[in-house]
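Structure first, then comments.
Each chain gets a letter, A, B and so on, in the order its sequence line appears, and its residues count up from 1.
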Amino acid sequence: MTASTMPLAAASDRRSGLPWGWIAVGGVLALVAAQVYGVLTSPPDRDMGHLQKIMYLHVPAAWNAFIAFFVVAVASLRYLWKGRAADDLLAASAAEIGSLLTGLTLALGMLWGKPTWGIWWTWEPRTTSTAVLFFMFLAYLILRKFVDDPERRAQWSAVVGILGALNVPIVYMSVRWWRTLHQVQGSPMTLDSTYYIPLRINAVALMIVLVAFIAHRYRSAMITQAADDLEDRAALMEGGSRA
Amino acid sequence: MSNANGRKTATVVIASVIVVGAFTYLMLGNIEGDVVYFYTPTELLSKGDAAYDRAVRLGGQVSPGSVQWNAEALDLKFKVREGTKEVLVHSKGAPPQMFRDGMGVVVEGRYRRDGVFESKNLMIKHSEEYRAPKAGERPQEMYRSLMKGGTAS
Amino acid sequence: MTVSPGEVLGIEGHNGSGKSTLLRILATSIRATNGSVHLFGRDIRQHPDWARGQVALMSFTPGLYDDLTARENLVFAANMLGRGHDGIDGVLERVGLLRESGEKVRTFSSGMQRRLALGRLLLQAPRVLLLDEPYNSFDRAGVALVNEVVREVIAAERGTAVIVLHDRHSAAGLLDRVVTMQQGRFVDATAPTRVVEHAGPSLVMGGAS
Amino acid sequence: MSLRDDWRRARAVALKDLTAERRSRAGLNAVTFLGVLVLMLFGFALGPDTEAMREAAVGAIWLAILFSGVLAFNRCYQLELDGGALEPLLLYPGSRWSIFVGKVLANLAFVFLVELIVIPVAMVLFHVVVPGGALAQIAVLVLGTIGFVTLGTFYAAMSSRSRSREVLLPLLLFPMMIPALLASVQASTALLSGDLMREAGAWVRLLIAYDVIFVAASLAAFEFAIEV
């Protein structure tokens, strides 16, 4: 009995009890404001003109996708360590949002690549390793769909998440060697502050959205699971009394 | 010996140490130290006979004034320069839109015996700098002049 | 629930009542979500590897390799167990497969396959035998063989056997106690049919509630 | 002492898998046939340009190995699942990773056999001439194959016991293979053209690091993948 009520209690505890819905709305509003701010305040780039503005969504999306993938890896490790179903659900939630952001990064990158590089797609390190990251997220999510037993699903996807995380730096490294012509990471040194500041603000705004979405997905996953558990218990007890 | 949990932990610990070690080697081992990403014209020319008809990459600056662009035949000729040495490059197809005089480029292809580098792939080496236009400079002007097919200056 | 050395416990119950699951938990094949199992005083969840050395499970599938011969199957088992190959002929003879030992298991009838699975059990010589419906697809001689093997293993190691079964007749004279399972719980423990000497429990199972 | 036990178990599993594979043989034939077929299709797709073929040869060989090899990995667990043999296999006392090592060894032997046929065929079809340094080429091939087989055997432990395993395995495996694929193809291609840019060495070292990382990681993680 106590075991079945535990996830429900956890789902409504203080931390996950924050009004994530409102925080998500606030995050989206902040992001819109930051986009407008970025577009209005920074002058067109010397080479790229207004196209540079894509940066304000493209780069934060990429950064936040990496954060999401990091959450997947850490939650997966913790699951294998402690065996708590909650960590598995956290990893799954982060993977969902992470794959969404990676997809967004790729799409925006293509929009940016066409006018600047002259092609929709190019086989250079950033695009290629982002695409590989996207595939690994998708494989992770597909694996979850193909495995029915919850414990097995949790354990397998944790393993897949960790090995995938190990592969990310190697993929990046190998692809960078393979094609070495993408500009290296921007920094305050190479980026005028008029571009740099809006970029940072946008990244933080998107991060609020990311955290709120993960929390929201996590909470609903917890509630779904608790409901499933209760259903199982009820079925078991009903069966017991009938026999 | 019989404690499987202990052994499982030991396996994970040993594996983690090995994985961390391999990553350290990857990151700090300077593996790419002796890789040559592209030859400069000086290096290519100094290879002599060994340079001909091999898949190599050549990098440098587009020599100002050397660009000949035939828009009808999509045929591009230019010189890649580094220091005092130049190599004539021949390329088919439209160049990337940021291609212009003085830009850093890397071309992949083969250096033919007739002294022309036959490019299969022309890549712009864009710097990581994003700068607001300087006073009097109009953004995108260089773009437009390039897209018209002329040689920008 | 406690099983004593030398005791043979029978478990009955409807399909889906959790008999096979219980055997798998005892065999460390699956982990119990709650409750505990102590084997000769040790918690098997703490020492699964040690427990695997004490326990042998004969499941309702024979668990053999179809493309290997009967002998090769036993040789593989002996290699995995770290035993020599000397006893293999004896085991094959014991289960009546010596003549067919060079033939692929694929060509065997299901009764012969189960004999071979029994042979693997003999090779393993465990202290605790876990048998999941061992009499299935056996003829009368096979049923007698199963009972002999159980008695032999128990006598040799002062071990214990837990047998999941549908029909008690096959195991007549073998069982010391029979319990019935329902919804994953023991509901009815029939009185022991034979008094057993107690020398400390060999197997202790603790339920959740 | 314990390590010797593990090695004995690994060897037993490898021998058992190879014996079963040799008996049926249908697997090796079918897989090799698929490999050669991929090469033929590649040839048709590339067109009759000899030079283009020669340049794409290494990539074509690796794709043929990937597509045919991936069929082998699920098979080695199917062997266990068919007769319900996986459970007794896991219930033998001793480490589980020795089972994994045994399966990796058997699959390595299998994939090497496939390569032994596929690669000469590719060299004929794509007009490849190996200029000296065949030993370096073989080293690259072996290193790439070790990474491929280790990860393939690892992911198949899960995919073979899930729904739609035929689809799941390549989905999990191929993105993971990208560094090893790049490194192998680049190193081999560089070696074929005389390694003028001196890049083969760096690729080989990347390949070694990749193999070390994933052999260690999958050995440690196998227990988690197989126990549920």
Side-chain angles (χ1 to χ4, degrees), chain A residues 69 73 76-77 79-83 85 88 99 102 123-125 127-180, chain D residues 147 150-151 154-187 189-190 197 199-228:
Chain A
F69 202 67
S76 299
L77 267 177
Y79 176 82
L80 289 189
W81 195 255
K82 307 242 167 154
D88 172 54
S99 57
T102 320
W123 293 91
E124 57 74 54
T127 44
T128 315
S129 31
T130 309
V132 176
L133 187 65
F134 189 51
F135 292 142
M136 292 205 295
F137 268 133
L138 289 187
Y140 176 94
L141 292 173
I142 290 170
L143 172 78
R144 297 191 68 91
K145 287 270 176 294
F146 278 171
V147 183
D148 298 324
D149 176 59
E151 198 191 342
R152 185 180 264 201
R153 177 173 57 222
Q155 194 140 329
W156 286 4
S157 44
V159 165
V160 168
I162 290 166
L163 258 72
L166 283 182
N167 207 18
V168 170
I170 313 180
V171 167
Y172 181 65
M173 192 163 189
S174 59
V175 176
R176 187 161 55 89
W177 288 6
W178 184 51
R179 281 281 183 275
T180 55
Chain D
T150 306
L151 280 177
F154 180 76
Y155 282 119
M158 297 181 277
S159 67
S160 61
R161 291 182 292 145
S162 73
R163 284 186 283 130
S164 4
R165 54 194 136 89
E166 292 82 4
V167 193
L168 191 55
L169 182 58
L171 283 184
L172 289 172
L173 180 58
F174 287 168
M176 293 294 289
M177 278 305 296
I178 284 167
L181 180 71
L182 276 181
S184 304
V185 171
Q186 295 297 312
T189 308
M197 311 298 284
E199 52 197 341
W203 285 118
V204 168
R205 279 185 275 173
L206 179 81
L207 208 47
I208 292 173
Y210 176 92
D211 283 359
V212 168
I213 287 169
F214 285 112
V215 168
S218 49
L219 275 179
F222 183 70
E223 172 85 39
F224 297 104
I226 202 76
E227 77 178 350
V228 285

Segment of Val171(A) engaging chain D (4.5 angstrom heavy-atom cut-off): both
Trace of the side chain to side chain contact (heavy atoms under 4.5 Å, CB included) decision for Arg152(A) with Met158(D): CA-CA 9 Å; Arg152(A) 185 180 264 201; Met158(D) 297 181 277; over 6 Å; no
CH2-OG distance between Trp203(D) and Ser174(A), expressed to the nearest 0.5 angstrom: 6.0 Å
Leu172(D) vs Tyr140(A) side-chain heavy atoms within contact, under 4.5 Å: no
Contact summary for Arg163(D) and Val147(A), nearest pair of heavy atoms: NH2-N, 4.4 Å
Nearest-0.5 Å distance that lies between atom CG in Leu206(D) and atom CD1 in Ile170(A): 7.0 Å
Proximal to chain A - members of residues 177-187 of chain D, heavy-atom separation under 4.5 Å: Ile178(D), Pro179(D), Leu182(D), Gln186(D)
Shortest non-hydrogen contact between Met136(A) and Pro175(D), atoms and distance: CG-CB, 3.8 Å
Rounded distance (nearest 0.5 Å) linking atom CG of Leu143(A) with atom CG of Leu169(D): 11.0 Å
Check: Phe222(D) and Val159(A) side chains under 4.5 Å, non-hydrogen atoms: no
Region of Tyr155(D) that comes under 4.5 Å of a non-hydrogen atom in chain A: side chain
Pairs of heavy atoms under 4.5 Å with chain A: top-ranked of Ser164(D), Ser162(D), Ser159(D): Ser164(D)
Other residues, nucleotides, ligands: >12 heavy atoms within 6.0 Å of Phe135(A) CZ: no
From Phe154(D) atom CZ to Leu163(A) atom CG, the distance as rounded to the nearest 0.5 Å: 5.5 Å
